[in-house]
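Everything on this sheet refers to the single structure shown next.
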Amino acid sequence: GPGRGDARLHLGGGPGGAPDADGARYVEFLSMLVGDLHRARLEVEHAAFELAERYEEINLLYTTSEIFGRTVTLEEAAARILEEIADTVGAGRAALLVHDRGTDTLQVVTSIGFDPKDAAPVSVKDPNSISARVFRDQRAVVLDPGPSDRLAEFSRQDSLLSVPILWTNPGLQPLPLGVVNLSGRRSGLPFSSGDEKLVTAIATQIGTAIQINRLVRSSLNQQRLQQEMELANDLQMKLLPKTSQFLPEADIAARVVPADSVGGDFYHLFRLGDGKTGVMIGDVASHGYRAALIMALVMSAASIHAQTTADPQEMVAAILATIAEEL
């Protein structure tokens, strides 16, 4: 037929070209047969078109899953995935920007076509930044050729595709984590809705990987901090003198329980001679690391001055003079 959706059947007939009774039956039968065959052909063509359109997406999704499964670091995975995305859509320049919560900026972690060190961080509040707008709105943008004021977004000579990286969790609002930018398309054609859909699917995978990586790092940091605090507590307790060392002159019992892992509560014991034992009890204001450091400083000064005087008032005055500048 002349059109993709048309199908025509021509049969010769009797006088004037009209089919006779038998011919009419043939026409009815053949028209049904040809109609069914034509519909089947259209369905096959449509299925083939859909499969071809989704093949790249399926292949890229499989590739990125494999990369995340094999690589050790997120940075390495991001670099390899960006290469796969750029190769699939034919982009000569690409960048993956991740949100830094401390500075509230988007920073290039890996790129193609330029050195990421040359890309300045982009404030997420920048009203002129394409990446910042995509991050804030959580919506992909396809732009025609035009100038750009951000190195991370390139000096565009052709179309630019910018897609947000989101972490989606059922029941919660999507959490924006970064942006993927693509430009410099080798074909010279603008990015299509299919390209946008494909990169969006990959960006979701990247977002999940980033969030998992952050949660793992946070857990490891918390575990490391807990171990360090336990070590600090053990070291602080070892600074306190053992009460058994003052027998038989004095029978002493002592217990220190910091509010946190470490703190400023302490006691100190001194042999003053003539069977005398000096006892000092201290409480540094506040608690935590700062109080623990001051406590160690006071105990060190007390150990020195206890050797030169047995008078409590003189010793406290000497300690104060020693640590006044530090406090």
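This structure is a prediction, so every number in the text was calculated from the model and none was measured.
Atom CD1 of Ile281 has 12 or fewer neighbouring heavy atoms from other residues, nucleotides or ligands inside a 6.0 Å radius.
No side-chain donor-acceptor contact under 3.5 Å links Thr105 to the backbone of Gln107. At distances below 3.5 Å, at least one donor-acceptor pair connects side-chain atoms of Thr308 with backbone N or O atoms of His305. Here the side chain of Thr277 pairs no donor or acceptor atom with the backbone of Arg271 at under 3.5 angstrom. A donor-acceptor pair under 3.5 Å is absent between the side-chain atoms of Arg93 and the main chain of Gly184, judged by distance alone. Side-chain atoms of Arg136 do not come within 3.5 Å of backbone N or O of Pro127 as any donor-acceptor pair. Between the side chain of Ser303 and the main chain of Met299, a donor-acceptor pair closer than 3.5 Å is present.
Across Ala301 and Ile323, no two heavy atoms sit closer than the pair CB-CG2, 4.2 Å. The heavy-atom pair separating Ala306 from Leu272 by the smallest distance is O-CD2, 4.3 Å. Between Asn181 and Ser162 the shortest heavy-atom distance is OD1-OG, 2.6 Å. Nearest heavy atom pair, residue Val262 against residue Pro258, reads C-CB, 3.8 Å. Across all their heavy atoms, Ser123 and Ala132 have their closest contact at O-CB, 3.4 Å. Shortest non-hydrogen contact noted between Phe114 and Ala95 is CZ-CB, 3.8 Å.
Taking hydrophobic clusters as Ile, Leu, Val, Met, Phe, Trp and Tyr residues chained together by side-chain heavy-atom distances below 4.5 Å, Leu320 does not share a cluster with Val284. In terms of hydrophobic clustering, with Ile, Leu, Val, Met, Phe, Trp and Tyr side chains grouped at heavy-atom distances under 4.5 Å, Met280 and Met237 are assigned to a common cluster. Hydrophobic clustering keeps Leu231 apart from Val256 (ILVMFWY residues linked when any side-chain heavy atoms are closer than 4.5 Å, directly or through intermediates). At a threshold of 4.5 Å between side-chain heavy atoms, the hydrophobic network of Ile, Leu, Val, Met, Phe, Trp and Tyr places Val279 and Met295 in one connected group. By the rule that hydrophobic residues join a cluster once side-chain heavy atoms approach within less than 4.5 Å of another member, Tyr267 and Ile304 end up as members of separate clusters.
Taking CG from Leu82 and CD1 from Ile202, the interatomic distance works out to 11.5 Å, rounded to the nearest 0.5 Å. Here Gln236 contributes atom CD and Leu293 contributes atom CG; the two are 9.0 Å apart, rounded to the nearest 0.5 Å. Note that CZ of Phe191 is 11.0 Å distant from CG of Leu143, once rounded to the nearest 0.5 Å. Summarising the geometry, atom CG belonging to Leu297 is positioned 10.0 Å from atom CD1 belonging to Ile319; distances are rounded to the nearest 0.5 Å. With values rounded to the nearest 0.5 angstrom, Leu166 atom CG is found 8.0 Å from Leu175 atom CG. Between atom CZ of residue Arg224 and atom CD of residue Gln227 there is a gap of 8.0 Å, rounded to the nearest 0.5 Å.
Between Phe266 and His268, a ring centre-to-centre spacing not shorter than 6.0 Å is recorded.
Looking at heavy atoms from C-beta onward, Asp195 lies in side-chain contact with Arg185 at the 4.5 angstrom threshold. Annotation: side chain of Lys117 is not in contact with side chain of Ser111 (no heavy-atom distance under 4.5 Å). Between Val179 and Ile130, every side-chain heavy-atom pair lies at or beyond the 4.5 Å cut-off. You'll find the side chain of Val142 reaches within 4.5 Å of the side chain of Ser159, heavy atoms only. The shortest distance between side-chain heavy atoms of Leu106 and Val124 falls below 4.5 Å. In this structure the side chain of Leu161 never reaches within 4.5 angstrom of the side chain of Val89, judged on heavy atoms.
Under the ring pair (Phe, Tyr, Trp, His ring centres under 6.0 Å) criterion, Phe135 pairs with His99, not counting sequence neighbours. By the ring pair (Phe, Tyr, Trp, His ring centres under 6.0 Å) test, Phe246 pairs with no residue at all, sequence neighbours left out.
Among Val98, Leu97, Thr103, the single residue meeting the side-chain contact (heavy atoms from CB on, under 4.5 Å) criterion with Asp100 is Thr103.
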